[in-house]
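Naming: A, B, ... by sequence-line order, numbering from 1 per chain. Just so you know, these numbers use all the heavy atoms, side chains as well, and skip hydrogens, waters and symmetry mates.
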Amino acid sequence: MADLSVDLGFCRLKNPLIPASGTFGYGEEFVPFMDLDIIGALVLKGIYRNARPGNPPPRLFETPAGLLNSIGLAGPGADELQGVIRRLSATTRTPIIVNVCGQDDAEFAEVAGIFAAMPEVAMLELNISCPNIKRGGACPAQDEKHTYRLVKRVKENIAKPLIVKLSPNAADIVAVARAAQEAGADALSLVNTFLGLAVDLEKRRPVFANTLAGLSGPAIKPLALRLVWEVCRQVRIPVIGMGGITSGKDVLEYILVGASAVQIGTVNFCEPAAAVRILAELEKEMEKLRLNNLNEIKGKLAV
Amino acid sequence: MADLSVDLGFCRLKNPLIPASGTFGYGEEFVPFMDLDIIGALVLKGIYRNARPGNPPPRLFETPAGLLNSIGLAGPGADELQGVIRRLSATTRTPIIVNVCGQDDAEFAEVAGIFAAMPEVAMLELNISCPNIKRGGACPAQDEKHTYRLVKRVKENIAKPLIVKLSPNAADIVAVARAAQEAGADALSLVNTFLGLAVDLEKRRPVFANTLAGLSGPAIKPLALRLVWEVCRQVRIPVIGMGGITSGKDVLEYILVGASAVQIGTVNFCEPAAAVRILAELEKEMEKLRLNNLNEIKGKLAV
Amino acid sequence: MHDESGRIEETRCLGENYYLLKVFAPQIAREAKPGNFVMLRVSPTWEPLLRRPFGILQSQPPHIWLYFQVKGRGTTLLKDRQAGDRLDILGPLGNAFPELPDQKILLIAGGRGIVPLFHYAKNYAARQPLLLLYGGRGAADLKLLAELDAMPLLEKYIFSEDGSCGEKGPLTEGLEKIVREQRPQATMACGPEAMLAALAGMLRAKKLDNYASLEAVMGCGFGVCHSCAVAAADGRYRKVCADGPVFPLEEIQWPI
Amino acid sequence: MHDESGRIEETRCLGENYYLLKVFAPQIAREAKPGNFVMLRVSPTWEPLLRRPFGILQSQPPHIWLYFQVKGRGTTLLKDRQAGDRLDILGPLGNAFPELPDQKILLIAGGRGIVPLFHYAKNYAARQPLLLLYGGRGAADLKLLAELDAMPLLEKYIFSEDGSCGEKGPLTEGLEKIVREQRPQATMACGPEAMLAALAGMLRAKKLDNYASLEAVMGCGFGVCHSCAVAAADGRYRKVCADGPVFPLEEIQWPI
Ligand SMILES: Cc1cc2nc3c(=O)[nH]c(=O)nc-3n(C[C@H](O)[C@H](O)[C@H](O)COP(=O)(O)OP(=O)(O)OC[C@H]3O[C@@H](n4cnc5c(N)ncnc54)[C@H](O)[C@@H]3O)c2cc1C
Ligand SMILES: Cc1cc2nc3c(=O)[nH]c(=O)nc-3n(C[C@H](O)[C@H](O)[C@H](O)COP(=O)(O)OP(=O)(O)OC[C@H]3O[C@@H](n4cnc5c(N)ncnc54)[C@H](O)[C@@H]3O)c2cc1C
Ligand SMILES: Cc1cc2nc3c(=O)[nH]c(=O)nc-3n(C[C@H](O)[C@H](O)[C@H](O)COP(=O)(O)O)c2cc1C
Ligand SMILES: Cc1cc2nc3c(=O)[nH]c(=O)nc-3n(C[C@H](O)[C@H](O)[C@H](O)COP(=O)(O)O)c2cc1C
Ligand code: FES
Ligand code: FES
């Protein structure tokens, strides 16, 4: 059997498959469908300092092979999440990644500090790329200067490995990636959702109160794969690729363009045991391609 | 029956439905499937001064609800196309739009001049947004200064109405739209295809010789609709919207966000009589919404 | 909760836009309770992407029955599927209507809202007094009457807005009188939002236990996507899929 | 050329990955010629987006028969469709193998490449001398032998790479001898690229009329998308869908 483990530099994962933030709840919801120990790591739903109600419904809109969401990071606050994490870490040895959010730089730093201090948390993912908070979809990851400043501030405050999650809606995602790297990010993850619009013909209004929403799912895969490839070529730190992954082949494609690991998002809604199927497919596909380990293909795209 | 006609300022079309460049051949191919007189106008496949072989195959790759293409504008040169246009204009009264291409500004201007001189041609569409010519997908529409210079030069040379076709791959599409408007464009059309990547796991190479390719089809609709909305809010000239349209409802959505007319692309491959079905759906949908004409809804999105 | 690979055994059109589906799904059938729902993958392709939620009309292991109205893309694809087709089906999901074995209960169903109440009646009509108030726009919305006739319901009150079946008018017109004359101890309702909101208003003053099964846009059906939020009377959101779909009528902020 | 709303009348698995489909499509059936193909919409959804090209195995108006091998996503969906399902089908498309009524012709089929040649044999075997050279990896690739036995073919030569059926080896091993002994005036071939390229090499020196039916990635099937380009010997591209799929063997730049 092939060796599925991957190296993120600061830690090794038993395999590259990581359920993405906001699509895997707090892990516990998936216990009826899988053994949480089988996945490489898992990212919890994004967390702010305080509980948030989220955006008014509707919050989801289906598009062809895609999904627009404007959840607005509904959920409990950091205090409550700590309890959830302790419970979760008692049920699985899979590394837990906390997706850190903030309405301003200070909140990002504070929330990061809280979870960096928890021994149950393996690493943090800094969500500077959520399009559903500010009107017009603005987020720190659209601006390389803001990204640099924010990542530096957060990083100075913590000892835990920090993944910085990038937005596909930046004018120049490579510049933002470099800024995060220079500021001390240990790894990058991309992409968050693409800004899209859905309208209601009868009401003559946007479907979402926030007007724009974030597109995810199979529809975005060719776009996300391109962005991951471009970033991988330009940075030295590990990259976690995502966007529309639904199969073992998709996982290998992201690794071929240079990703060290991947996240799976929307597919978890369609198929709660998606991770189990995708892992099995990944093994079969590696066998077909006669790969003994993922390093043999990582970043080997010949252009 | 509702009035489907639309006003582009410089001319009126009997309805807003226009098959998009590169997806409708030279019109004649669709005669077995429909009466060409029913559509509002039609755009011919992009044309250079001289015949081009196009990119080496494969040239198409299917993605979830989308299509990556790297055709590379295969086709005859401007001389041969003139004959085709004369034949076509003898068989239909539908306005003919020529999609003008060029490898440099001079070629754009020369080709525009040739077709502006033809009485059979109603207007020109300046294709400054094809991602399949230069490596990396670069095109004039990624840069507002280049767009301004090029549009001005072309426009100075011709008397025909000029539509400028924009790229979704620009860092700031609104800035490019404004540049085209300032340079004298009579209308804008958007979007051309989104840059995407497909890879071949066995060969460990990109699927396409040109590495990147252009994504079109239903998958891109929410992204394209957003860009059309943003541009419509910031320009005074008419906008022709496109990207993933497959239904009469889709047409109305583009008009609701501000488009004066629309183009349908990829759907013509899947369903050669798509235009007939979409027009029928458009009428039915207008009836359902009690619209007497399209002006009643054009640009009426309340945000 | 199972993600079961079921099989369509029978699909029957009950006139106009209503369809009945008999599905082989032994694990789900065994556990399904009245009020639970399932999420179906209407097509084996990635478009449409999301599963669609449907109530369970009845369950006789190894089968469950679904009853649905064609609304849009997903239900159109579903109606065209044939006996023998595989059907991915996730369930049973959500909570159930409470079992109140000793009480006299009024079931209130608007149109396809009959689904979970049919299930309730099927399971409990033999053991306790159940009344049914069932309304729709016309006879086409009230297709399950024959099957309901076969159940030992204490009483049935039928309303249709066009008068084509039962009394003419919205079912809310019958409510006051039924409650006054029959003195049920609880009501259980499912139907359009407007109907539920009206019920909430009318039942507020009465001393009854009232429950309603809600609908919402659902991305996952098992509590992770936060798309099915409904505003509760306490000003906070509930998840229809995980906290519901059945709620005490008073818990919800009406009109939603 | 019609975009016909056809109907699947029968679907039959011929072992392993091969399927036979009988489709009601009267307009296309009436016009179909050996060599023509159709483009099928394998699912009523937008994913998969593109139609898939398939040859026509035989045509008996109002029906056509298709014969396909499961390769990927589209053919997997197609094999699961059932009798009674609607099937959008565009055709007949492309050119046909030439009719050469007075000639002795050698048909050369590799695996599923049998499809257009089966059609040719079915239509013309009764009126002129036809030879068939048919090869595959094993018996599983040569499923139509029984049906071919029923045709008045002058001679059949069967090869399989694993020796499970007919002679062991690639069909190209039989070519020299057949041509020498039978002296056909023309050959018509369909099969994998490598096989066609090998044939082109072997037949170059012989004074025969050689034709081959090609495959290519097809976006539209009727000449508008330019995706099906194949390099010709003159250094220019041809469209397989509109200029072909049948080409004089010498017109193509081998190996493609
Ligand atoms: C818990 C629950 C149980 C349900 N049980 C049944 C049932 O037993 N029988 C039945 O016929 N229907 C039931 N529904 C409604 C059913 O899920 C929707 O009609 C169906 O999802 C529509 O899918 P579509 O693709 O055909 O429509 P779409 O094309 O997605 O939409 C068509 C229209 O329906 C609306 N719509 C879409 N999804 C929903 C939804 N989840 N709730 C309300 N409106 C929606 C859309 O806004 C749109 O106006 C239930 C819904 C929920 C949440
Ligand atoms: C004119 C023509 C006639 C054909 N006739 C038949 C026939 O009668 N019976 C039959 O079984 N097949 C036939 N084919 C091939 C058939 O179209 C493909 O096998 C089918 O489209 C694969 O679809 P898929 O979605 O299952 O595979 P995909 O998932 O799309 O791809 C699976 C694999 O098949 C390859 N592939 C995809 N499309 C083609 C293609 N058009 N040509 C060659 N390889 C392809 C892909 O590169 C990939 O490796 C014909 C092809 C053409 C062009
Ligand atoms: C409903 C929903 C909620 C999400 N919430 C978060 C979040 O809290 N934090 C975050 O960083 N990303 C969030 N995302 C983005 C995903 O983690 C992921 O980046 C994106 O969906 C692309 O991957 P996919 O195409 O596999 O879904 C969310 C996505 C969806 C669909
Ligand atoms: C195969 C193909 C060829 C195209 N060729 C051209 C072209 O020659 N000129 C051009 O301006 N746009 C070209 N386009 C872009 C389309 O005109 C259109 O902008 C794009 O496909 C988005 O619309 P759609 O999603 O409806 O397809 C082409 C698109 C495709 C798929
Ligand atoms: S439907 Fe996903 S949380 Fe309720
Ligand atoms: S398949 Fe489109 S041109 Fe041949």
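When heavy atoms are compared at a cutoff of 4.5 Å, A/Leu252 approaches chain B by way of both its backbone and its side chain. For B/Leu212, the part sitting under 4.5 Å from any heavy atom of chain A is the side chain, from C-beta outward, and nothing else. Contacts of A/Lys249 with chain B are made by both backbone and side-chain atoms, with heavy-atom separations under 4.5 Å. Proximity to chain B is absent for every atom of A/Ile255, based on heavy atoms less than 4.5 angstrom apart. Interface remark: A/Leu68 contributes side-chain atoms only to the contact with chain B (heavy atom separation under 4.5 Å). Contacts between A/Leu215 and chain B at a heavy-atom distance below 4.5 Å involve the side chain alone, from C-beta outward. Residue contact with chain B, scored on non-hydrogen atoms closer than 4.5 Å, involves the side chain of A/Leu256 exclusively.
Summarising the geometry, atom CD1 belonging to B/Ile297 is positioned 5.5 Å from atom CG belonging to A/Leu201; distances are rounded to the nearest 0.5 Å. Annotation: the span from A/Glu230 atom CD to B/Thr211 atom OG1 amounts to 10.0 Å, rounded to 0.5 Å. Separating the CD atom in A/Glu202 from the CD atom in B/Glu285 is a distance of 8.0 Å, to the nearest 0.5 Å.
The minimum heavy-atom distance between A/Arg226 and B/Asn169, with the atom names listed, is NH1-OD1, 4.4 Å. Here the shortest heavy-atom pairing between B/Leu301 and A/Arg205 reads CD1-C, 3.5 Å. For the residue pair B/Pro206 and A/Ala302, the shortest heavy atom distance occurs at CD-O, 3.1 Å.
Taking the side chain as every heavy atom from C-beta outward, B/Val199 and A/Trp229 never approach each other to under 4.5 Å.
When A/Thr63, A/Asp200, A/Thr246 are compared by the number of non-hydrogen pairs under 4.5 Å with chain B, A/Thr63 comes out ahead. Chain B forms the most heavy-atom pairs under 4.5 Å with one residue out of A/Ala65, A/Ala171, A/Pro222, and that residue is A/Pro222.
Among the candidates A/Val303, A/Val228, A/Val257, A/Leu223, the single residue satisfying the side chain to side chain contact (heavy atoms under 4.5 Å, CB included) test with B/Leu197 is A/Val257.
More than 12 heavy atoms of other residues, nucleotides or ligands shown are found within 6.0 angstrom of NZ on B/Lys300. At most 12 non-hydrogen atoms from other residues, nucleotides or ligands lie less than 6.0 angstrom from CD of A/Glu287.
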